[in-house]
There are 2 protein chains.
Amino acid sequence: MSDIELDEELIDLAARYRDVLRHAVYLIRSLDANGELSTGQVATMNILALAPARVGDVARHAGIRVPSATEQVIKLEAAGLVERRADPDDARAVLVHLTDAGRTALATANRERNERIAGALAVLSEDERSAITAAIPAIAKLTNSLGA
Amino acid sequence: MSDIELDEELIDLAARYRDVLRHAVYLIRSLDANGELSTGQVATMNILALAPARVGDVARHAGIRVPSATEQVIKLEAAGLVERRADPDDARAVLVHLTDAGRTALATANRERNERIAGALAVLSEDERSAITAAIPAIAKLTNSLGA
DNA sequence: CCTAATAGTTAGGCTGCCTAACTGTCAAGA
DNA sequence: TCTTGACAGTTAGGCAGCCTAACTATTAGG
């Protein structure tokens, strides 16, 4: 198999994969349409669920710029879902903490979204579910490699 | 295996799948960051590449509302990438056509995006690529079932 | 100390999505 | 024929989320 053939195969797979991704974006959007928290808000809170984080860390993990993260944090704070506290080690920094209300809201949001996807997974055949399970690590790796 | 166990497994898979999707959204965004056309613009033009379509069809295929599709079409028209023509069969309707410039721009955009993904696919192992290939139909089915 | 780097906020702007209200056209029945 | 409801699309207004540029406050190195 020549290099050119290999490239064509890869590009064909890329095109099909891209098509799937495009639909996945709609899907994510539809998952969010029902709930009260947006994708970004859930993503931000999922970061904070592990540990309090600086605004800059939130931005980096979420793949957005610092001012955008500030904006998200301000909205979440207004909703009582997070708190901004001083960082004892650095007076410039702000440590964003999840509140109890935030933890509860996050758990609900995660559960709702997961259940909705689980419901759709239940409709698939066992083989189809296995195919998805088997592909998840590769997809994650692919996504990371593209993001770099 | 009880129903409850089954549900827990599904929800676990759902959570992992959702995590992958979330990253995929960043990926799509990063694919768009380089090019001159946005995701929505490429999606719209890909529809029109098959055949001229009404604004309502564009909206339906793109998963957005009609006014949003009008907006997209107006911008594409201003950029010289599409044309709006009267529908000979229905004076209410507008048929959106891709221009030659649009076709060229679309081909370039598609090629760039596909090559970028192909480059990342090339880094994966053969097994990983096979896993992704095998999962694509299932993922598409899952996405459709969630979108419905 | 001064100065450059760093953390975050504020200001202003853009895109893309939405709903509501409107114009113009079609089609079906009194 | 004429009216009336359905339909295609546009316009108007608003909101979320992202961006860059410019600013304040703090830290740390020379």
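Computed from heavy atoms alone, side chains included, the values below leave out hydrogens, waters and symmetry copies. Since the structure is predicted, the reported quantities are computational estimates derived from the model, not experimental observations. Throughout, a chain's letter reflects where its sequence line sits, starting with A, and its residues are numbered from 1.
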Query - Closest non-hydrogen atom pair between B:A53 and B:V58, with its separation - result: CB-CG2, 4.2 Å

Requested in this report: Could you tell me the separation between the CG atom of B:L21 and the CD1 atom of A:I117, rounded to the nearest 0.5 Å?
Outcome: 6.0 Å

Requested in this report: Report the distance from atom CD of A:E71 to atom P of C:dT10, rounded to the nearest whole Å.
Outcome: 11 Å

Query raised in the report: Looking at the side chain of A:P67, which of D:dG17, D:dG9, C:dA11 is the nearest nucleotide?
Result: C:dA11

Query raised in the report: Does B:S38 place a side-chain N or O at less than 4.0 Å from the phosphate oxygens OP1/OP2 of C:dG16?
Result: yes

Query raised in the report: Is atom CD of B:E115 surrounded by more than 12 heavy atoms (other residues, nucleotides or ligands) closer than 6.0 Å?
Result: yes

Query - NZ/NE/NH1/NH2 to OD/OE distance under 4.0 Å, B:D19 and B:R16 - result: no

Query - B:R65 CZ: over 12 foreign heavy atoms closer than 6.0 Å - result: no

Report summary line: Axis-to-axis angle across the helix from C:dC1-D:dG30 to C:dA30-D:dT1, five pairs each end, nearest 10 degrees, ~ 0°

Query raised in the report: Any donor-acceptor pair under 3.5 Å linking the side chain of B:D12 with the backbone of B:E8?
Result: no

Query raised in the report: So, is B:T70 near the phosphate of D:dT10, with a side-chain N or O under 4.0 Å from OP1 or OP2?
Result: yes

Report task. Drop me the distance from A:L121's CG to A:I132's CD1, to the nearest 0.5 angstrom. Result -> 6.0 Å

Query raised in the report: Does anything in residues 82-92 of chain B reach DNA chain C, meaning a heavy atom under 4.0 Å, and if so which residues?
Result: B:D90, B:A91, B:R92

Query raised in the report: Is there a side-chain contact between A:R54 and A:L95 (heavy atoms, below 4.5 Å)?
Result: yes

Query raised in the report: Which heavy atom of A:A14 sits nearest a heavy atom of B:A118, and at what distance?
Result: CB-N, 3.7 Å

Requested in this report: Could you check how far CG of A:L37 sits from C1' of D:dG17, rounded to whole Å?
Outcome: 15 Å

Requested in this report: Mark yes or no for whether A:E77, through its side chain, and A:R84, through its backbone, hold a donor-acceptor pair below 3.5 Å.
Outcome: yes

Report task. Could you check how far CZ of A:R60 sits from P of C:dG8, rounded to whole Å? Result -> 11 Å

Report task. Let me know the distance between CD of A:Q41 and C1' of D:dA16, rounded to the nearest Å. Result -> 9 Å

Requested in this report: Kindly point out which of C:dC18, C:dT10, D:dC19 is positioned nearest to the side chain of B:S68?
Outcome: C:dC18

Requested in this report: In sequence, state the C-alpha distance, the side-chain angles, and the governing distance for A:L13 and B:T133, and then conclude on side chain to side chain contact (heavy atoms under 4.5 Å, CB included).
Outcome: CA-CA 7 Å; A:L13 176 55; B:T133 305; 3.5 Å; yes

Query raised in the report: B:Q72 near the nucleic acid: base, sugar-phosphate alone, or nothing, with a heavy-atom cut-off under 4.0 Å?
Result: sugar-phosphate

Requested in this report: Apply the test side chain to side chain contact (heavy atoms under 4.5 Å, CB included) to residues B:L142 and A:E128: give CA-CA distance (whole Å), side-chain angles for both, the deciding distance (0.1 Å), then the verdict.
Outcome: CA-CA 9 Å; B:L142 177 62; A:E128 286 167 332; over 6 Å; no

Query raised in the report: Rounded to whole angstroms, how far apart are CD1 on B:I64 and P on D:dA16?
Result: 20 Å

Query raised in the report: Taking DNA chain C as the partner, which of residues 48-58 of chain A come within under 4.0 angstrom of it by heavy atom?
Result: A:R54, A:V55, A:G56

Query raised in the report: Quick one: B:R65 CZ to C:dA21 P, roughly how many Å, whole number?
Result: 16 Å

Report task. Would you mind classifying the nucleic acid contact of B:V94 as base, sugar-phosphate or nothing, using non-hydrogen atoms under 4.0 angstrom? Result -> sugar-phosphate

Query raised in the report: What nucleotide among C:dG16, D:dG9, C:dC17 has an atom nearest to a side-chain atom of B:K75?
Result: C:dG16

